[in-house]
Each structure stands twice: as C-alpha cells, then as structure tokens.
Engineer: 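I am attaching a structure below and will ask some questions about it afterwards.
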Amino acid sequence: MSKREKSLNALEGPVTEVAAEFPERHVLVKCPGCRRVIDADKLEANLEVCPRCGRHLRVSGRKRMKMTVDPGTFEEWDAGLAATDFLEFPGYPEKLEAAREKSHENDAVVCGRGLIGGRPCAFFFMNADFMMGSMGAVVGEKITRVFERASEERIAVIGFTVSGGARMQEGTTSLMQMAKVSAAVRRHSEEGLPYFCVLTDPTTGGVTASFAMEGDVILAEPGALVGFAGPRVIEQTTHKRLPAGFQRSEFLLEHGFCDLIVERKDLRATLIELLALHAGAVPGAGAPHALSPEEPRRGRGTRPKRTPVPESAYDIVKLTRSTERATALELIERGLDGFVELHGDRLYADDPAIVAGIGWRGGEVLTVIAIERGSSTKERVRRNFGMAHPEGYRKALRLMRQAEKFGRPVVCLVDTSGAYCGIGAEERGQGEAIASNLVAMSGLRVPIVSVIVGEGGSGGALGLALADHVLMLRSAAYSVVSPEGCASIIWKDAKRADEAAAALRITAGDLSELGLVDGVVDDLGLTHAEVAHDLMREVEGALSGLRGVSTDELVRERYDKFRKMGEDRICSRS
C-alpha cells in the first residue's frame, strides 16, 4: 500500500486535510456517510453535502449564516460575550480556550440581524465547532436577546440548532437557559411574530427540550439526529439496540414533531417563501412551493373526468366513495395558486388522512385543512381511506391555532366516512380530539369556511365543519350515520340503505332546505378542474362577506348560527 493510500485510509473525521503531506494535491475530505474521499472545493460548492450519498455534513454557524442571509446585510449582535469558569469546574478554562482556538468564536452561537429575500429577520446560528454547540449561559443569553430585540423591532426569528445539550461545566445555570429562552420565545409569539427553527445534526438534550421544538414551523435537514436523550444513553438505560433511523429527521416527521424535511440547497428558498406567507404576501411567480412532497400532479394528459349525475340520495352516497370523483387534495391542487403542506401534531404522529398547510389564491393567504381519501388503492390504504386518527384532528387544531395567531382565514375541505374507530385511536383519545376541535373552532378569531366535498360522516366530518359558512358540493352527502348503519340499526337490514339515505335527508338540497348548510356548489356534469374553480370562487365569496366583520362579532355570529340549529324543530309539551 502506498504512503498516500495509507494516509487516506487513516482519515476518520468528516474533514481532514492532506495538503501538508501532498502540497501539489487538493484538500481532500472523507464523507462520514459513504466513506468516499471528496475534493473539498467540490464539497464546498455543494454546500457541504456529499455529492455521492447526499450526507449533510456539519457546518459552522458563521458558514451557515453566509448560506442563509442576503450578502452584505448581516449585522452581528453581542459578538463579545464570552463564557467564564464561574463554578471553577476542573479543566473548563482549558476546554474554553481550545474551543475558541478551533472555532475562532467566543462561544457556540452567532446572532444578529439581516435580510433574507429582502425581508428583515433576527437570526441565531448554533455552532458545533465550539464544544459541540453545548448551551451555557452565553448561548442562552445571546439567543434570549435575539428574541427580545426581534420583539422590539417586530421581525421574525430564524434559528439553526446544533447542540449536544446543556453545558455541564456550568451546572444548573446551564439548565436554566432552557426556561429563560422559552420565556422569550413566548413573549415574541404573543406579539404575533413568526419563529422558524431549522434542526441540524445533532440537536439533542436541553436545546431539543426547549427552543428547538418551539417554532411556528419546524424544518429539519435530512438525516439529522434530533432527540432529548442521546442514542448511547437510551441504549445504556434500556439495554436494547435502537432501530435503524431512530431519532433521525425522518423519524421526527413520521412521529409528528417537524413540519418538513428540507435539503440544504432548498433551505433558503423555503424560508423566504414561509416568511412571505406569514407576512400575508403571496410568493412571486416561479417561487418554489409544493402541494405535497409525495403526491404527483394528477390528470395531466388524460381525458377530463366529470362528476356523474346521480338519481337518488343513495346514489350520491355511492358516488362520494368512488375513485372517479375529485379528492380534496386534487381540488386544492386545481383550485389554489400554491400550497405548502405542513406536518405533524407535535404529540404523536403525522396523520396522512388529514392534509394541512398554507395555501394562496389571488392575493390572499389561507390556512387550508383537508381530509384526503386518496385516488388510488395504494394511496387510499396509506391515508386510511380518509378516516382520521386523533393525531390528524390535533394537527388540524395546531394549524388553526397558527392561523389565528397570524390572522389567516381557515378553509376546510371535508371528505370522510367518519373518524377512525380502532383500539389505538380510542387509546389516544379520538373523542377528546374531535371535542377539542369543536370548542376551538367555536371561538376561533378568524373566519372559517368549510366545504363538504364528498362524504360527510358524522362527528369525524363535523370536527372540521364548525364554520362561519358551510358549503356542500351537489354531489356530496352529510349525515349523522351512514345509510347502511342506519338501516342496520333501525330495520336490522343493511340492504335497506337506499331507504335510509332518503329518510335521513342527507343531500345538499335537503340540508340547505333545513338550514344546516349555507350554500350549494353545483358540480354535477362538470370536470374536476371546473369543480375546483367554482368551489374556490364560492369560498372566496364567503370569505369576502366575512372580511369586514370584527373578531368579536365573528365569534358571536358563529355561536348564534349553531345555537339556532334545531331550535325551531322542537315543541314544548306540558
């Protein structure tokens, strides 16, 4: 083996220079993922992402700042703050000195103000090069000041986290930084200002248990390790080997703790778009946006599908369950100018049966929540046929609360045979989740428009349909129980479902006549694109009528609307 080969095989860290030994050669880097050797210049041009395996290597806080902020606009804050050995902890002064020499920083975070996409923001960039980004008094103080100054200047905060946790050499004082920063995050939030957090590798310990998980929108880089306790601690405590991918970004997304996983090359554009949307501004033409990362655009290059004309109430019910009708996600795609899907309930999981995010049409930004059945068998299985779990309703509630904070109208598209009735759903509080939505929606201080776009099944549908204005497609049905269920209960014969459908009066025309829905969108015989266009036109009209209403009046009128339902259907008997 040659001397050069021996040197390359000895490379263990993510970045190692061999230029001293081979001055005529480029600096080489060994990827910790695929273990391939890469030219450092190529790696830097690729934003420190391995071009072979896609591994996102760690970068310093200052380099991260240069990747994110508009060139020449960053004004650093509190650069001179430096940690002291106030506990006289053995070896701490030497560690501090070594960290400062390695990172050329006074501590583990770079903070300041700058522009991104021309919009002013406050920033913090944590730095793994300084004692693995551990959080001591200086880190806590600097990040707290970022939120305080952002509150004074009424600007958003964007933060990039990377940390091994609280700094042990500063004892319980480092623990208190979790509370200190969290209190500043709350005050900033109460001013109606957005905070976007980007989780990078690794984000663990006290940082995860505080400001890393407190963002209005939480993004993560692919493959980042994120957790409270580190993998080694968990394995030592439980005496079990952890499954592959445990505590990685993808694990977080699946379990509902982050909104999006974004590759480094797309992070700046994504943050610019989110800032615009939270400022109530529609992104410009050509701005990057996603309907849903895993969903293809449908119906391109095929003959347009049209809504059939049913002959009876039960025909309508069967039509709502057909794969031929437009799903909620297709109506979003065809009816809105753009949509960014956000994920997770921040408690347990991300439920694919409920799609939620920020959309825009014309000049208006909306929070859009939809129950999605899926258009193919595989997709329907993944989305549980539109039967939402408790975490789906809690995701919807999280997004509604966010809409209230930023003053965005809420639009809900409902298409479900009912909330999922399973053991796990009951264990996790299916009834409580729907009940919480009803209480919250009754008092939400922004306009709500809900549309029954398919099957409106019982409480599972109502959990997204307590609204100022309720619309129905002509081809939709809305009922307290399925016709089959009604026939089985009343007549002990499910074959009489057609009679039950007629008796229940579940069609749009029936419910409009009963005063239970506010408008009907006629979609019979129309293509999916025409349905989406007409539906969003009616939604816009409903929102326009609610725009001048004060928040107090809005909530009061919503209460009165539902208070009257059924009032004239009762009589008093002595």
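Position 1 is the first residue of the sequence, and the numbers go up from there. Keep in mind that what you see is a predicted model, and the values were worked out from it rather than measured.
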Engineer: As a quick check of understanding, evaluate side-chain contact (heavy atoms from CB on, under 4.5 Å) for R62 and E76, giving each step before the final call.
Structural biologist: CA-CA 10 Å; R62 201 161 294 276; E76 189 168 357; 3.1 Å; yes
Engineer: Taking only Lys NZ, Arg NE, NH1 and NH2, and the carboxylate oxygens of Asp or Glu, determine whether D552 and R445 approach each other closer than 4.0 Å.
Structural biologist: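 A salt bridge links D552 with R445.
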Engineer: Any Lys/Arg nitrogen of R187 or E148 sitting under 4.0 Å from an Asp/Glu carboxylate oxygen of the other?
Structural biologist: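 So R187 does not pair with E148 through a salt bridge.
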Engineer: So, for N127 and S103, which heavy atoms are closest and what is the spacing to 0.1 Å?
Structural biologist: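 Reported closest heavy-atom pair: ND2-CB, 4.1 Å.
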Engineer: When you check the side-chain N and O atoms of T161 and T203, is any donor under 3.5 Å from an acceptor?
Structural biologist: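 Yes, a side-chain donor-acceptor pair sits under 3.5 Å.
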Engineer: Would the number of heavy atoms belonging to other residues, nucleotides or ligands and lying under 6.0 Å from CD of E75 be above 12?
Structural biologist: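 Atom CD in E75 is crowded, with more than 12 foreign heavy atoms closer than 6.0 Å.
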Engineer: For residues Q430 and Y393, is any side-chain donor paired with an opposing acceptor at under 3.5 Å?
Structural biologist: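 Q430 vs Y393: no donor-acceptor pair found between side chains.
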Engineer: Minimum heavy-atom separation for V410 to A403, with atom names?
Structural biologist: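 Residues V410 and A403, closest heavy atoms: CG2-CB, 3.6 Å.
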Engineer: Is it true that R398 and D259 make a salt bridge, defined as a side-chain N closer than 4.0 Å to a carboxylate O?
Structural biologist: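 Judged by the 4.0 Å cut-off on N to carboxylate O distance, R398 and D259 do form a salt bridge.
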Engineer: Take atom CZ in F228; do more than 12 heavy atoms of anything else shown fall under 6.0 Å from it?
Structural biologist: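 Counting other residues, nucleotides and ligands, CZ of F228 stays at 12 neighbours or fewer.
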Engineer: Any idea how Y420 and H389 line up, ring-wise: parallel (<30°), tilted (30 to 60°), or perpendicular (>60°)?
Structural biologist: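 Ring orientation, 0 to 90° scale: tilted.
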Engineer: Any side-chain donor paired with an acceptor under 3.5 Å for R408 and T367?
Structural biologist: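 Yes, because at least one side-chain N or O of R408 sits under 3.5 Å from a partner of the opposite role on T367.
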Engineer: Do you know the tightest heavy-atom contact between L277 and V365?
Structural biologist: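 That closest heavy-atom pairing would be O-CG1, 3.7 Å.
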Engineer: List the atom of D468, the atom of V446, and the distance in Å for their closest heavy-atom pair.
Structural biologist: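 Shortest heavy-atom contact: OD2-O, 4.0 Å.
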Engineer: Could you check whether atom CZ of F246 has more than 12 heavy atoms from other residues, nucleotides or ligands sitting under 6.0 Å from it?
Structural biologist: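 More than 12 heavy atoms, drawn from other residues, nucleotides or ligands, come within 6.0 Å of this atom.
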Engineer: So, for Y348 and D345, which heavy atoms are closest and what is the spacing to 0.1 Å?
Structural biologist: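 Heavy-atom minimum between the residues: N-OD1, 2.8 Å.
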Engineer: So if I apply the ring pair (Phe, Tyr, Trp, His ring centres under 6.0 Å) rule between F211 and each of F147, F124, Y195, which one comes out positive?
Structural biologist: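 That would be F124; it is the only one of F147, F124, Y195 passing the ring pair (Phe, Tyr, Trp, His ring centres under 6.0 Å) with F211.
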Engineer: Go through W360 and V340 one step at a time and tell me if the side-chain contact (heavy atoms from CB on, under 4.5 Å) criterion holds.
Structural biologist: CA-CA 9 Å; W360 61 96; V340 177; 4.1 Å; yes
Engineer: Between D351 and R383, does a salt bridge (charged side-chain N to carboxylate O under 4.0 Å, His left out) hold up when you go through it step by step?
Structural biologist: CA-CA 8 Å; D351 184 0; R383 296 190 183 276; over 6 Å; no
Engineer: Once you round to the nearest 0.5 Å, how far does NE2 of H343 lie from CG of D350?
Structural biologist: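 These two atoms lie 5.5 Å from each other.
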Engineer: Check the pair R64, S60 against side-chain contact (heavy atoms from CB on, under 4.5 Å), reporting the backbone distance first and the verdict last.
Structural biologist: CA-CA 6 Å; R64 182 79 70 174; S60 71; over 6 Å; no
Engineer: Quick test of your reading of the model: are E141 and R145 salt-bridged, counting only N-O distances below 4.0 Å?
Structural biologist: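 Looking at E141 and R145, the cut-off is met.
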Engineer: Please determine if E235 and K240 form a salt bridge, counting it only when a charged side-chain N lies under 4.0 Å from a carboxylate O.
Structural biologist: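 No salt bridge links E235 with K240.
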Engineer: Strictly distance-based, threshold 3.5 Å: is any side-chain N or O of Q247 a donor or acceptor partner for the main-chain N or O of A229?
Structural biologist: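 Yes; at least one donor-acceptor contact below 3.5 Å.
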Engineer: Verify whether the ring centers belonging to H278 and F196 lie closer than 6.0 Å.
Structural biologist: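 Yes, they do, as the ring centres are separated by less than 6.0 Å.
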Engineer: Quick check: are there more than 12 heavy atoms from other residues, nucleotides or ligands sitting under 6.0 Å from CD of E190?
Structural biologist: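 Check passes, neighbour count above 12.
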Engineer: For the side-chain hydrogen bond (donor to acceptor under 3.5 Å, both in side chains) test, which of R100, K142, R167 pairs with D107?
Structural biologist: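 Exactly one option meets the side-chain hydrogen bond (donor to acceptor under 3.5 Å, both in side chains) with D107, and it is R167.
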Engineer: More than 12 heavy atoms of other residues, nucleotides or ligands under 6.0 Å from CD of E44: is that the case?
Structural biologist: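 Open.
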Engineer: Please test V411 against L543 for side-chain contact (heavy atoms from CB on, under 4.5 Å), starting from the C-alpha separation and ending with a verdict.
Structural biologist: CA-CA 9 Å; V411 175; L543 289 174; 4.2 Å; yes
Engineer: Hey, are E214 and R186 close enough for a salt bridge, meaning a charged N less than 4.0 Å from a carboxylate O?
Structural biologist: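 Looking at E214 and R186, the cut-off is not met.
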Engineer: Would you call E48-R58 a salt bridge at under 4.0 Å N-O?
Structural biologist: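 Result for this pair is no, no salt bridge flagged.
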Engineer: So which heavy atom on S249 is nearest to which on A220, and how close?
Structural biologist: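 Looks like OG-CB, 3.7 Å.
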